[in-house]
Amino acid sequence: REIPETLADMIDLRPYDFADFGCSTGGSMDFAAKTFDGGPAVGIDINPAKVERTRAAGHHAVVADATKPKLFKGTVRFSMLSHFLEHLPDYATLARAIRTAVPISDEFVFIRQPWFDSDGELFRHGLKFYWSDWHGHPMTMTSLQMYRCVRKHLQSGKLARATILGHQPILGSDSDCVVPLSVPMDSGSYDAATHGPKASVEFAVPAYRELVTVLIKRDPDTLDSLLTRFPTAIPLYDERGQVDGSPADPSRLLSRFTGG
């Protein structure tokens, strides 16, 4: 049931500085507190057992469906969606989660997930990232899908800026993140003794361990201060929301990161 019967049934975000979607055991709350000077936080998870584990770790947490924005009242300074989206069943559910995060966040939304853009190239070489073949990762979202999801928020003026980044470059198949295609589903990092030999491939286009997306709500320049706190992320695409009815040129914006 998405629409609460009374305001008393809604989850009040006003006492908190940030919200963590899919809080699990609270690890990303610790990361956000350290990296972004986060204050009091609330974890949101649909799984009661995970909420209990988060509480046991000393954090506030509530059982709620983070894909339903009408369950929440008030706002937080920012929201974290850290290794949350890949666990959702489909693109429509993922889009609803972002539609929840954007309006409840006053300054920014910070999203992290595994990198899935290189799955096709790896497959053609008889390889895969181990995380791309997990039962628990039904939503293997690429950077293009992420852009499609946030584009409407930029065009509608709900976002001042959206930046998509790669975190921790992977230059070839020598990385322990890459395993042979024959390795069983739900396996972990590469182990030669267990998984056998694998092809040696240098990637034509760099891959990454993570796809990171930062959605800025008001001041586009907020991004610069955030990236100084997350220096290992490399901007891949950067676009500002509409200004006087005309969006900025994303290639020009990205050039200051790439030297173009």
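Quick caveat, the model's predicted, so the values are computed rather than measured.
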Same cluster or not: are Leu13 and Leu215 linked, directly or through other Ile, Leu, Val, Met, Phe, Trp or Tyr residues, by side-chain heavy atoms under 4.5 angstrom apart?
-> yes
Nearest non-hydrogen partners of Phe21 and Ala66, listed with the distance = CD2-CB, 3.4 Å
Compute whether any side-chain donor of one residue and acceptor of the other, for His137 and Gln113, lie under 3.5 angstrom apart.
-> no
Intermediate values then yes/no, side-chain contact (heavy atoms from CB on, under 4.5 Å), Val214 and Phe230 | CA-CA 11 Å; Val214 186; Phe230 204 66; over 6 Å; no
All heavy atoms of Pro235 vs all of Thr163, minimum pair found to be CB-CG2, 4.3 Å
For residues Thr142 and Asp117, is any side-chain donor paired with an opposing acceptor at under 3.5 Å?
-> no
Nearest heavy-atom contact between Met185 and Asp133 is CG-O, 2.9 Å
Is the closest basic N to carboxylate O distance between Lys217 and Asp106 below 4.0 Å?
-> no
Please confirm whether the backbone N or O of Ala32 pairs with a side-chain atom of Thr35, one donor and one acceptor, at under 3.5 Å?
-> no
Ion pair check, Lys70 and Asp65, cut-off under 4.0 Å = no
Side-chain donor/acceptor of His167 to backbone N/O of Ala233, under 3.5 Å | no
Can you tell me if Lys198 uses its side chain to pair, donor with acceptor, with the backbone of Val178 under 3.5 Å?
-> yes
Taking Ser225 for its side chain and Asp221 for its backbone only, find out whether a donor-acceptor pair lies under 3.5 Å.
-> no
Does a side-chain heavy-atom distance below 4.5 Å link Met139 with Gln145?
-> yes
Lys158 side chain to Arg99 main-chain N or O, any donor-acceptor pair under 3.5 Å?
-> no
Look up atom CZ in Arg161 and atom CG in Asp219, then write down how far apart they are to the nearest 0.5 Å.
-> 9.5 Å
Is atom CZ of Arg148 surrounded by more than 12 heavy atoms (other residues, nucleotides or ligands) closer than 6.0 Å?
-> no
Does a side-chain heavy-atom distance below 4.5 Å link Cys23 with Met29?
-> yes
Are there more than 12 heavy atoms of other residues, nucleotides or ligands under 6.0 Å from atom OH of Tyr91?
-> yes
For Ala61 and Thr54 the tightest heavy-atom approach is CB-CG2, 3.8 Å
Determine, stepwise, if the pair Ile98 / Val102 fulfils side-chain contact (heavy atoms from CB on, under 4.5 Å).
-> CA-CA 6 Å; Ile98 293 178; Val102 169; 4.0 Å; yes
Between Asp20 and Arg112, is there a salt bridge with N-O shorter than 4.0 Å?
-> no
Any link between Leu81 and Val63 through a network of hydrophobic side chains (Ile, Leu, Val, Met, Phe, Trp, Tyr) touching at under 4.5 Å?
-> no
Report yes or no: do Leu127 and Tyr208 belong to one cluster of Ile/Leu/Val/Met/Phe/Trp/Tyr joined by side chain heavy-atom distances under 4.5 Å?
-> yes
Separation of Ser175 OG from Phe203 CZ (nearest 0.5 Å) | 7.5 Å
Kindly determine whether Phe36 and Phe18 satisfy ring pair (Phe, Tyr, Trp, His ring centres under 6.0 Å), including the steps that lead there.
-> CA-CA 10 Å; Phe36 302 126; Phe18 71 93; 8.7 Å; no
Student check: side-chain heavy atoms of Asp90 and Pro138 closer than 4.5 Å | no
Return the minimal non-hydrogen interatomic distance between Met80 and Ser28, and the atom names on each side.
-> CE-O, 4.2 Å
His83 atom NE2, neighbour heavy-atom count above 12 within 6.0 Å = yes
Relative to the ring of Tyr130, is the ring of Trp134 parallel (under 30°), tilted (30 to 60°) or perpendicular (over 60°)?
-> tilted
Kindly determine whether Cys177 and Ile170 satisfy side-chain contact (heavy atoms from CB on, under 4.5 Å), including the steps that lead there.
-> CA-CA 9 Å; Cys177 298; Ile170 299 173; 4.1 Å; yes
Would you say the side chain of Tyr190 lies within less than 4.5 Å of the side chain of Pro180, judging by non-hydrogen atoms?
-> yes
Between Val62 and Ile44, is a side-chain contact (heavy atoms from CB on, under 4.5 Å) present by the stated rule, with each step listed?
-> CA-CA 5 Å; Val62 295; Ile44 303 167; 4.2 Å; yes
What closest approach, in Å, do Ser173 and Ala199 show between heavy atoms, and which atom pair accounts for it?
-> OG-O, 2.7 Å
Are Asp45 and Lys50 close enough for a salt bridge, meaning some N to O gap below 4.0 Å?
-> no
Would you indicate whether the side-chain heavy atoms of Cys149 and Leu94 approach each other to under 4.5 Å?
-> yes
CG of Leu223 to CG of Leu165: how many Å apart, nearest 0.5 Å?
-> 7.0 Å
Spacing of CD1 belonging to Ile234 relative to CD1 belonging to Ile164, to within rounding of 0.5 Å = 15.0 Å
Hey, does Lys128 have a side-chain heavy atom less than 4.5 Å from the side chain of Val179?
-> yes
Between Trp131 (side chain) and Trp115 (backbone), is there a donor-acceptor pair under 3.5 Å?
-> yes
State the CE-OG1 distance between Met141 and Thr213, to the nearest 0.5 angstrom.
-> 7.5 Å
Residues, nucleotides or ligands: over 12 heavy atoms within 6.0 Å of Arg218 CZ = no
Look at Glu52 together with Arg55 and state whether they make a salt bridge at an N to O cut-off of under 4.0 Å.
-> yes
Using a distance-only test with no angle check, is there a side-chain donor-acceptor pair under 3.5 angstrom linking Thr67 and Thr93?
-> no
Could you grab the distance from atom CD1 of Ile104 to atom OG1 of Thr75, nearest 0.5 Å is fine?
-> 8.5 Å
Determine yes or no for a side-chain-to-main-chain donor-acceptor pair under 3.5 angstrom, with Ser105 supplying the side chain and Arg77 the backbone.
-> no
Going by the ring-ring contact (aromatic ring centres under 6.0 Å, His included) test, name the single residue among Tyr16, Phe108, Phe110 that passes it with Phe78.
-> Phe108
